[in-house]
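Encoded as structure tokens, the structure appears first; notes follow it.
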Amino acid sequence: MLVDFHRPATSGPLRAIGRVVKLGKQLSVAETRIEDAGGRLLASGRGAYVG
């Protein structure tokens with residue numbers, strides 16, 4: 001899993017937006033974005049999962 005922090009989170013609601021990049025039989029990859037109420041990117045991440 002890789003996480004990049006772009007700016008600090010301040011008070012207020014946050015929104016997490018996730019999506020599956022690749023859904024496989026043995027390996028899956030997903031990514032997410034964390035945004036503040038104004039839509040500014042606070043953090044992003046990507047992970048590979050073996051199942």
Side-chain angles (χ1 to χ4, degrees):
M1 177 181 274
L2 171 72
V3 178
D4 293 313
F5 298 97
H6 304 281
R7 65 173 38 103
T10 57
S11 62
L14 301 178
R15 180 171 55 168
I17 304 162
R19 76 178 188 98
V20 175
V21 175
K22 177 188 183 299
L23 184 60
K25 292 181 181 179
Q26 294 182 350
L27 178 70
S28 297
V29 178
E31 65 184 20
T32 189
R33 296 171 50 94
I34 307 296
E35 299 177 350
D36 65 7
R40 291 177 297 197
L41 181 64
L42 303 178
S44 59
R46 179 177 272 228
Y49 305 93
V50 178

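Every heavy atom of this structure was used, including side-chain atoms; hydrogens, water molecules and symmetry mates were not. Residue indices begin at 1 and follow the sequence shown.
- Legend: residues meeting side chain to side chain contact (heavy atoms under 4.5 Å, CB included) with Ala48, ordered by chain and number and at least two apart, are Leu27, Val29.
- Taking all atoms of both residues into account, the shortest heavy-atom contact from His6 to Ser44 is NE2-OG, 2.8 Å.
- Between the CD1 atom of Ile34 and the CZ atom of Arg7 there is a distance of 14.0 Å, given to the nearest 0.5 Å.
- One distance of note links CZ of Arg46 with CG of Leu2; it measures 9.0 Å at 0.5 Å rounding.
- Applying the side chain to side chain contact (heavy atoms under 4.5 Å, CB included) rule to Ala9 yields the partners Leu14, Leu42; only residues at least two apart in sequence or on another chain are considered.
- One hydrophobic cluster holds both Met1 and Phe5 under the rule that ILVMFWY side chains link at heavy-atom gaps under 4.5 Å.
- Partners of Arg19 under the salt bridge (Lys or Arg N to Asp or Glu O under 4.0 Å) rule, at least two apart in sequence or in another chain, are Glu31.
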